[in-house]
Amino acid sequence: MPELPEVETICRSLAPHITGKVLAGVEVHAPKLRRPLPTAAELRAVTGQRITALERRAKYLIWHLDGGGALIIHLGMSGQLCFHHGPHPAELHTHVIFHFQEGGQLHFRDPRRFGSLDLAAPGELAGLPMLCELGVEPLSSAFTAEYFRERLGATRRVVKTVIMDQRVVVGVGNIYANEALFQAGIHPLRPGQSLSPAEGEALQLAIICVLGKAVERGGTTLSDYRNADGEPGFFQLDLAVYGREVEPCPRCGGQIVRLRHEGRSSYLCEACQK
DNA sequence: AAACGCGCCTGCGGGC
DNA sequence: TGCCCGCAGGCGCGTT
């Protein structure tokens, strides 16, 4: 489900509810999601700790704890985090419930169980393999035209695969990859090194533009995505091509087509994207 | 190195 | 009505 704009929106909507609060307990209702969940003993070690800050890195949500450690959540394809001010029954597929001393509880649901919950000991966070191999943040100053051109020029991999590679640039998933390629007028199956410098720059700017606008819209709600307050996003209204097979291209009126590559769907306008 | 296929899971919609 | 199939926002593994 969630790509950068959705995780960013969840982070922003969740932060006011739990920043500064003390973890009173963590209920775990499943043995594992993508990976085994932390053990009861590991979770006891973080109860009583205060959450000092929330941060999004790539598609990960990181809770910094006053003991120096951290809690890391990934929402996979179908993960939801919903904050409740009072008691709330565990719904179907609610796997983890966080309780706070000051009141309120946070429910982590994930029907498909591709998400994850990990703990990092003090000093361990930066060295975690899932974090330290990540590429640049697309909405940061590190995502420059020079950097992107260099990464594109060094590979024959198809450009859509490159922009979805979290080691190159983080946070771009299937929806926003399709949208950025459309906006830049680039065919998703072009080899990375076939892009001219101007095309590379157009794509870099399109990624920034699409992600930025999607964050402004609170993310894309196709079916079940909600922020921490249970509200949907609205960027689905701005999608030009994703999920719009057979519909007219918003630019030329031609028909949007779907093709499959590496097990995933790409949506594009063959007239506008070369 | 990188391109695939596949597995991990559940749910939904379409076709028959 | 019900069943089967394909498909879905992610990621990491194994094999060529």
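Quick note on labels: first sequence line is chain A, next is B, and so on, each numbered from 1. As the structure is a computational prediction, the values presented were derived from the model and not from experiment.
- A/Glu91 and A/His93 share no side-chain donor-acceptor pair at under 3.5 Å.
- No donor-acceptor pair under 3.5 Å is formed between the side chain of A/Gln273 and the backbone N or O of A/His187.
- Contacts between residues 153-169 of chain A and DNA chain B, counted as heavy-atom distances below 4.0 Å, involve A/Thr155, A/Arg156, A/Arg157.
- B/dG5 and C/dC7: their P atoms are spaced 13 Å apart (whole Å).
- Side-chain contact, A/Asp66 with A/Thr52: no donor N or O sits under 3.5 Å from an acceptor N or O.
- Considering only side-chain N and O atoms, A/His261 lies nowhere under 4.0 angstrom from the phosphate OP1 or OP2 of B/dA3.
- For A/Phe100, there are no ring-ring contact (aromatic ring centres under 6.0 Å, His included) partners at least two apart in sequence or on another chain.
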Give me the distances for all protein-to-nucleotides 11-14 of chain B N/O pairs that come in under 3.5 Å?
{"residue": "B/dG11", "atom": "OP1", "partner": "A/His93", "partner atom": "NE2", "Å": "2.7"}

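- Proximity of the aromatic rings of A/His95 and A/His107 is defined here by a centroid distance below 6.0 angstrom, and this criterion is not met.
- Applying the Watson-Crick and G-U wobble criteria (two distances, each under 3.5 Å), C/dG9 pairs with nothing in any strand.
- Applying the side chain to side chain donor-acceptor pair (under 3.5 Å) test to residues at least two apart or on different chains, the pairs with a partner in residues 118-132 of chain A are A/Arg35-A/Asp118.
- To the nearest whole angstrom, the two C1' atoms, one in B/dA3 and one in C/dG9, are 23 Å apart.
- In this structure, CD on A/Glu199 lies 7.0 Å from OG on A/Ser194, to the nearest 0.5 angstrom.
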Please enumerate all protein N or O atoms sitting under 3.5 Å from an N or O of nucleotides 5-8 of chain C, with distances to 0.1 Å.
{"residue": "C/dA8", "atom": "OP1", "partner": "A/Ser265", "partner atom": "OG", "Å": "2.4"}
{"residue": "C/dA8", "atom": "OP2", "partner": "A/Arg260", "partner atom": "NH1", "Å": "2.7"}
{"residue": "C/dA8", "atom": "O3'", "partner": "A/Tyr242", "partner atom": "OH", "Å": "3.4"}
{"residue": "C/dA8", "atom": "N3", "partner": "A/Arg112", "partner atom": "NH1", "Å": "3.1"}

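- The CG atom of A/Leu211 sits 13 Å away from the C1' atom of C/dG9 (whole-angstrom rounding).
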Write down the protein N/O and nucleotide N/O pairs, taken from nucleotides 12-16 of chain C, whose separation is under 3.5 Å; answer none if there are no such pairs.
{"residue": "C/dG12", "atom": "O4'", "partner": "A/Arg34", "partner atom": "NH2", "Å": "3.0"}

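- As judged by a 4.0 angstrom heavy-atom cut-off over every strand, A/Asp224 is placed among the base-contacting residues.
- Side-chain contact, A/Tyr60 with A/Ser116: no donor N or O sits under 3.5 Å from an acceptor N or O.
- When the P atom of C/dG9 is taken as reference, atom OH of A/Tyr176 falls 12 Å away, rounded to whole Å.
- With its ring centre under 5.5 Å from that of the base six-membered ring and a plane angle below 30°, A/Phe114 counts as stacked on B/dC8.
- Using a 4.0 Å cut-off between charged nitrogen and carboxylate oxygen, A/Arg56 and A/Glu137 count as a salt-bridge pair.
- Side-chain contact annotation: A/Arg157 with A/Thr161, donor-acceptor N/O pair under 3.5 Å absent.
- For C/dG9, its base never sits under 3.5 Å from the side chain of A/Ser78 at any donor and acceptor pair.
- In this structure, CG of A/Leu37 is placed 12 Å from P of B/dC9, rounded to the nearest angstrom.
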Go through the steps for A/His88 and A/Gln105 under the test side chain to side chain contact (heavy atoms under 4.5 Å, CB included), then give the verdict. CA-CA 8 Å; A/His88 192 87; A/Gln105 50 186 240; 3.7 Å; yes
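- Phosphate proximity of C/dG9 to A/Lys59: absent, as no side-chain N or O sits under 4.0 Å from OP1 or OP2.
- Note on A/Lys32: every side-chain N or O is 4.0 Å or more away from OP1 and OP2 of B/dC8.
- A side-chain donor-acceptor contact under 3.5 Å links A/Gln236 to the backbone of A/Thr221.
- The residue A/Leu222 sits close to a base: some heavy atom pair falls under 4.0 Å.
- Here the closest non-hydrogen pair linking A/Gly20 and A/Glu102 is O-OE2, 3.9 Å.
- In the displayed structure, A/Glu42 atom CD is contacted under 6.0 Å by more than 12 heavy atoms of other residues, nucleotides or ligands.
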